[in-house]
Amino acid sequence: DPTCRDQAVALAEQLIALQENDYIGGQEEVRGFFYANPDREVIFDSYMAHGGLDGAPGAVIVLADLCEALPTHPRAPRWRESLRSYLEDYLLPLSRKNAFGIVPGYLSREPLVGGRRVGGLHYQFLDDNRGVNKFLVRKAILLARGARILGNPALRDVAWRQVGWILGNNPLHASTVYGVGHGQPRLYKEHLAPRSDGMVVQGIGGDSKDQPVIKQGHWRHCEMELHHTAWMAQAVCELLATLPGASPTPPGKGDAPRVR
C-alpha cells in the first residue's frame, strides 16, 4: 500500500531527527542514541514504556524493517546509517564495558544506579525494578538483524551474548529459561512449574549498585512471560540465520547481505 509505505518513510525521518550524531558530554566513545523528544533533554532508553513495541529497541527495529522491506528506496542508505550508528556507536562500545557482553538498558545525562559513566553520560546495565530479559532479548533481535543488514559479525556476537546471559552465562549461573540449562529461580506461581518448559521469566534484575540479583519467587523476576518467550524464539531464529551456510534471511524477509 503506497500510503502506508509513505507514512512509514515519513515516521522514520521523524525518528532519525531525534538521533545524536555527535559525541557529547566530554567523551568520544558513545553516540548514535536517540532522544525522547525534539528538545533533546531526555535520552530515549529501553525502560520508557511497558508492553509491546516499547522503548528505544521497539522504535529502532522499525529502521531494520524498512531496510529489509524497501532496500532500494532512495532513503535506504539513510536508514542503514542510522541503524548502524545506534548499534555500532552506542550498543557495541558499552557492551564491551560489561564482562558478560550485555548491552545497557539506561543512558542518561543524570546519575543512575551503580554510578557508571562515560564522560558526562551515565549508563546502567540492569533494572533495579524488575528482570531485564525483555530488554536484552529485544536488543538481541535488533543486533542480529543489524548484523545481517550491515554485514557486521561483531553485532551477531554481541546478540549471542544477550541470549547467553538469559540461558545462564551470567554471574549467578542461573538460566532463566525453564527446561534449558540449570539454576533456574523458583517460579512465581509454582503450581505452573510442570508446564513451564521453554518459558522465559522476567529474569535477573539489579540492586542499588547495578549488580545482578534475583528475588526468588517474586513476579518481578520469576514470572513466566509469553512475550519474553516469543521474543527469545525470534532472537534465536534471527541468529541462526546469520550462521555460515544458513539462508541469509529468515523465511518471509527480504534479501540482505550474508554475515561471514
Side-chain angles (χ1 to χ4, degrees), residues 8-9 11-25 27-38 40-49 53-71 73 75-98 101-109 116 118-119 121-125 132 134-163 231 234-235 238-239 242 256-257 259:
V9 169
L11 289 171
E13 286 301 307
Q14 292 180 37
L15 175 63
I16 292 172
L18 298 174
Q19 190 168 29
E20 180 58 75
N21 298 314
D22 298 321
Y23 294 112
I24 64 170
Q27 54 83 37
E28 295 185 356
E29 294 183 64
V30 174
R31 62 180 177 179
F33 50 86
F34 292 84
Y35 292 98
N37 45 52
R40 296 187 164 225
E41 292 180 355
V42 178
I43 296 173
F44 193 27
D45 63 43
S46 298
Y47 302 114
M48 286 191 164
L53 298 176
D54 59 315
V60 180
I61 209 163
V62 174
L63 296 174
D65 291 337
L66 285 170
C67 288
E68 294 189 319
L70 303 171
H73 192 280
R75 298 197 178 181
R78 182 167 165 81
W79 304 331
R80 283 192 291 270
E81 172 55 23
S82 179
L83 177 65
R84 185 211 63 76
S85 186
Y86 180 78
L87 298 177
E88 296 182 6
D89 298 338
Y90 168 41
L91 294 188
L92 202 57
L94 289 184
S95 75
R96 292 174 178 146
K97 295 181 180 292
N98 185 281
I102 61 170
V103 295
Y106 287 107
L107 184 69
S108 175
R109 296 178 185 271
R116 305 181 194 277
V118 52
L121 298 177
H122 304 262
Y123 65 97
Q124 181 178 332
F125 287 111
V132 296
K134 177 171 73 170
F135 312 116
L136 294 182
V137 78
R138 292 281 284 157
K139 287 180 178 174
I141 294 168
L142 183 57
L143 285 158
R145 293 183 67 184
R148 191 171 63 247
I149 292 166
L150 302 169
N152 183 352
L155 299 177
R156 174 194 61 202
D157 297 342
V158 176
W160 276 118
R161 290 292 194 112
Q162 316 315 301
V163 171
W231 285 330
Q234 183 183 352
E238 296 282 0
L239 280 162
T242 69
V259 177

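Numbers here simply count residues along the sequence, with the first being 1.
Counting heavy atoms of neighbouring residues, nucleotides and ligands inside a 6.0 Å radius, atom CZ of Arg75 does not exceed 12 of them. At most 12 non-hydrogen atoms from other residues, nucleotides or ligands lie less than 6.0 angstrom from CD of Glu28.
For the pair Leu239 and Trp160, the minimum side-chain heavy-atom distance is below 4.5 Å.
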ask   = side-chain contact (heavy atoms from CB on, under 4.5 Å) between His73 and Val9: does it pass, once the steps are laid out?
value = CA-CA 10 Å; His73 192 280; Val9 169; 3.8 Å; yes
task = Tell me, with the steps shown, if Gln19 and Tyr86 meet side chain to side chain donor-acceptor pair (under 3.5 Å).
result = CA-CA 8 Å; Gln19 190 168 29; Tyr86 180 78; over 6 Å; no
task = In sequence, state the C-alpha distance, the side-chain angles, and the governing distance for Arg31 and Asp22, and then conclude on side-chain contact (heavy atoms from CB on, under 4.5 Å).
result = CA-CA 6 Å; Arg31 62 180 177 179; Asp22 298 321; 5.5 Å; no
inquiry  = side-chain contact (heavy atoms from CB on, under 4.5 Å), that's the test. Do Ile16 and Leu63 meet it? Break it down for me.
reply    = CA-CA 9 Å; Ile16 292 172; Leu63 296 174; 4.3 Å; yes
query = Passes side-chain contact (heavy atoms from CB on, under 4.5 Å), His122 versus Leu107? Steps please.
reply = CA-CA 6 Å; His122 304 262; Leu107 184 69; over 6 Å; no
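Under a 4.0 Å N-O distance rule, the pair Glu81/Arg84 qualifies as a salt bridge. With respect to Arg109 and Glu41, no salt bridge is recorded, no charged nitrogen being found less than 4.0 Å from a carboxylate O. Lys97 and Glu29 are joined by a salt bridge, as a carboxylate oxygen and a charged side-chain nitrogen come within less than 4.0 angstrom of each other.
Considering all non-hydrogen atoms of both residues, Tyr90 and Gly32 come closest at CB-C, 4.5 Å. Across Leu136 and Gln162, no two heavy atoms sit closer than the pair CD2-OE1, 3.4 Å. Residues Leu15 and Ala59 approach most closely at CD2-O, 3.6 Å, considering heavy atoms. Taking each heavy atom of Thr242 and Ala144 in turn, the nearest pair found is CG2-O, 3.9 Å. Here the shortest heavy-atom pairing between Ala154 and Leu92 reads O-CD1, 4.1 Å. Nearest heavy-atom pair, Leu70 versus Ala76, reported as atom, atom and distance to 0.1 Å: O-CB, 3.7 Å.
Geometric assessment of Arg40 against the ring of Tyr35 yields a negative cation-pi assignment under the 6.0 Å and 45° thresholds.
If you take CD1 on Ile43 and OH on Tyr106, they are separated by 13.5 Å, rounding to the nearest 0.5 Å. Note that CG of Asp89 is 9.0 Å distant from CG of Asn21, once rounded to the nearest 0.5 Å. Atom NZ of residue Lys139 and atom OG of residue Ser95 lie 10.5 Å apart, to the nearest 0.5 angstrom. The CZ atom of Arg161 sits 10.5 Å away from the CD1 atom of Ile102 when rounded to the nearest 0.5 Å. Residue Leu83 holds its CG atom at 6.0 Å from CG of Leu142, rounded to the nearest 0.5 Å. Note that the CZ atom of Arg145 and the CD atom of Glu238 stand 5.5 Å from one another [nearest 0.5 Å].
Side-chain atoms of Gln27 come within 3.5 Å of backbone atoms of Val30 as a donor-acceptor pair (strictly under, hydrogens ignored).
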